[in-house]
K.L.:
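Have a look at this one before I ask anything.
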Number of protein chains: 2
Amino acid sequence: MRREGMKAERRMRCDMPAGDTMGPGGRVAEGPRIRVLVIDDHPIMRVGIAAIIQATRDMTAIAQAGSAEEALPLYEKHLPDITLIDLRLPGMSGVDFIRAVITRHPEAKFVVLTTYEGDEDIHQALEAGARSYIIKGMPHDALVSALRRVHAGGRFLPPPVTRALASRMPDSELSAREREVLLLMVGGRSNREIAAALGITEATVKCHVSVILMRLNVNDRTQAVVSALQRGIVHL
Amino acid sequence: MRREGMKAERRMRCDMPAGDTMGPGGRVAEGPRIRVLVIDDHPIMRVGIAAIIQATRDMTAIAQAGSAEEALPLYEKHLPDITLIDLRLPGMSGVDFIRAVITRHPEAKFVVLTTYEGDEDIHQALEAGARSYIIKGMPHDALVSALRRVHAGGRFLPPPVTRALASRMPDSELSAREREVLLLMVGGRSNREIAAALGITEATVKCHVSVILMRLNVNDRTQAVVSALQRGIVHL
DNA sequence: GAATCAATCCGACCAAAGTCGGAGCGAGCC
DNA sequence: GGCTCGCTCCGACTTTGGTCGGATTGATTC
């Protein structure tokens with residue numbers, strides 16, 4: 001039941017470490033303010049975000065939403081310069097929102113602000129089109145800097161984020177079927193139950209599980225579940 | 001490997017559903033303001049909390065801290081009326097902080113404000129002496145109400161919290177040893193590795209595992225890990 | 001069309017997980 | 001003392017999980 005596979009290769013993805021810490025109220029060329037749409041399901045967090053943005057002279061929070069569904073009409077109505085969005089939302093996820101908006105507005109700019117720092121979360125968000133990914137645990141300078149940099153057409157990925165991204169194994173990508181199996185594993189289902197649920201043989205399920213273990217670089221299903229959770233491949 | 005044990009009994013713990021939504025700036029007997037110490041590791045969240053508190057006429061945020069260690073001297077210096085604290089903090093946990101302060105100041109009042117709604121988290125916090133437990137996803141009225149109610153000597157536990165608490169199995173309590181084993185299980189260690197780590201036989205470990213499975217009311221170690229994580233018995 | 005690659009599928013084998021029944025030990029309680 | 005109760009401990013048995021080798025299919029490439 002133990003395995004000792006080893007990988008070495010790894011892949012970088014994005015640039016721009018940090019910097020540009022001007023702070024709220026810093027000297028900025030006076031012009032039209034950066035208009036920000038804020039999407040976060042925690043009301044208290046929204047208050048904090050809005051307070052920081054409003055306290056900064058060159059930006060303003062024009063609208064807020066507690067879910068992606070609620071935010072869609074707001075986006076169309078205001079067409080904000082930047083959308084600041086959390087990933088984990090009730091109903092439609094943040095990534096889904098980004099994808100949905102970007103297909104209609106390819107130049108839309110997104111900054112992700114979330115608590116989760118799993119490499120898969122980050123990967124998904126950037127893949128969807130986010131230009132910055134910052135963690136709620138960071139000082140608020142990071143938020144302000146990110147908004148400015150992205151508004152200027154750049155990207156903003158703090159060191160912890162790029163590090164998490166760099167730690168991604170190159171062959172981590174799971175097939176659709178494997179994802180399906182992994183989800184059931186996290187649900188605590190046995191191989192037999194998974195087989196029944198998917199209408200296949202238990203032997204086949206075991207094979208999928210083996211591949212998943214290899215791709216996640218772990219030894220057994222328990223480790224697979226933990227790893228998948230902390231990397232953000234599956235949730236809860 | 002399957003089990004079908006069943007429990008029925010359950011136990012209520014606390015009272016006070018909700019209410020008292022006066023909102024920021026509501027009419028309140030003018031007097032000395034409620035002096036609040038805020039402890040949260042997310043700077044942006046601290047800004048939001050402080051903004052809400054300051055916007056409410058009968059309370060004021062006198063100090064803030066990003067960790068329990070940092071907060072200890074602040075508590076002794078200011079002796080706040082209420083301490084508003086997150087559970088998951090870098091270093092010393094929120095519960096540990098509550099315990100530590102309450103042994104020296106038995107009348108200290110604590111309101112927990114966190115994102116985690118696992119029944120074990122809640123149980124631990126209340127056991128430690130917290131008088132209110134609110135979730136960051138709630139409207140800010142809840143925060144204000146909680147602070148007022150607790151300042152008045154009462155408690156404040158919103159329905160979702162009491163519900164989570166009520167869903168606790170009566171025999172969920174794990175022994176110290178079992179906790180230790182569970183922690184290693186979540187770490188993805190095999191029974192053999194756990195045995196080695198604890199200096200006992202693998203057979204003994206299996207016995208502990210069996211008991212843990214029974215107490216958590218699950219069938220296998222994978223479910224145990226998932227359940228322990230979402231209930232807040234162990235973290236990450 | 002041949003070759004390659006990846007995903008899906010399967011059965012037989014071995015090692016680990018989990019069950020069952022039982023034993024020693026300390027704290028607390030008539 | 002004699003009793004129970006809970007925690008810790010253990011070995012032999014059954015079930016499940018994971019490995020290995022191999023087969024099929026469909027898409028891509030040359």
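Letters A, B, ... mirror the listed sequences (proteins, then strands); counts begin at 1.
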K.L.:
Taking only N/O atoms, report every protein-nucleotides 6-10 of chain C pair under 3.5 Å with atom names and distance.
P.N.:
unit_1	atom_1	unit_2	atom_2	d
C:dA7	OP2	A:Arg215	NH2	3.3
C:dT8	OP2	A:Ser175	OG	2.8
C:dC9	OP2	A:His208	NE2	3.1
C:dC10	OP1	A:Thr201	OG1	3.3
C:dC10	OP2	A:Thr201	N	3.1
C:dC10	OP2	A:Thr201	OG1	2.8
C:dC10	OP2	A:Thr204	OG1	2.5
C:dC10	O5'	A:Thr201	OG1	3.2

K.L.:
Grab the CG-C1' distance between B:Leu174 and D:dT8 for me, whole Å please.
P.N.:
15 Å

K.L.:
Quick one: is C:dA16 close enough that its OP1 or OP2 comes under 4.0 Å of any side-chain N or O from B:Asn191?
P.N.:
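No.
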
K.L.:
Rounded to whole Å, please give me the gap between CG in B:Leu213 and C1' in D:dT15.
P.N.:
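My rounded result for the distance is 14 Å.
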
K.L.:
Only counting residues at least two apart or in another chain, list the ones meeting salt bridge (charged side-chain N to carboxylate O under 4.0 Å, His left out) with A:Glu117.
P.N.:
none

K.L.:
Nearest whole angstrom, please: distance from the P of C:dA17 to the CG of A:Asn219.
P.N.:
11 Å

K.L.:
Starting at atom CG of A:Leu182, determine the distance to atom P of D:dG18, rounded to an integer number of angstrom.
P.N.:
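That distance rounds to 12 Å.
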
K.L.:
For A:Thr114, enumerate each residue passing the side chain to side chain contact (heavy atoms under 4.5 Å, CB included) test, keeping only those at least two apart in sequence or located in another chain.
P.N.:
A:Asp86, A:Leu87, A:Val112, A:Tyr116, A:Tyr133

K.L.:
Measure from CD1 on B:Ile212 to C1' on C:dA17 and round the result to the nearest Å.
P.N.:
13 Å

K.L.:
Starting at atom NZ of B:Lys206, determine the distance to atom P of D:dT16, rounded to an integer number of angstrom.
P.N.:
15 Å

K.L.:
When rounded to the nearest 0.5 angstrom, what distance separates CD1 in A:Ile212 from CD in A:Glu180?
P.N.:
10.0 Å

K.L.:
Ring pair (Phe, Tyr, Trp, His ring centres under 6.0 Å) with B:His78: which residues, sequence neighbours excluded?
P.N.:
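Per chain and number, B:His78 pairs via ring pair (Phe, Tyr, Trp, His ring centres under 6.0 Å) with no residue.
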
K.L.:
Can you tell me how far C1' of C:dA16 sits from CG of B:Asp220, to the nearest Å?
P.N.:
13 Å

K.L.:
By salt bridge (charged side-chain N to carboxylate O under 4.0 Å, His left out), which residues pair with A:Arg221, not counting sequence neighbours?
P.N.:
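So A:Arg221 forms no salt bridge (charged side-chain N to carboxylate O under 4.0 Å, His left out) with any residue.
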
K.L.:
Rounding to a whole Å, what distance do you find between A:Met214:CE and D:dG18:C1'?
P.N.:
14 Å

K.L.:
Going by side chain to side chain contact (heavy atoms under 4.5 Å, CB included), name the residues that satisfy it together with A:Val211, two or more places apart in sequence or in a different chain.
P.N.:
A:Glu178, A:Met214, A:Arg215

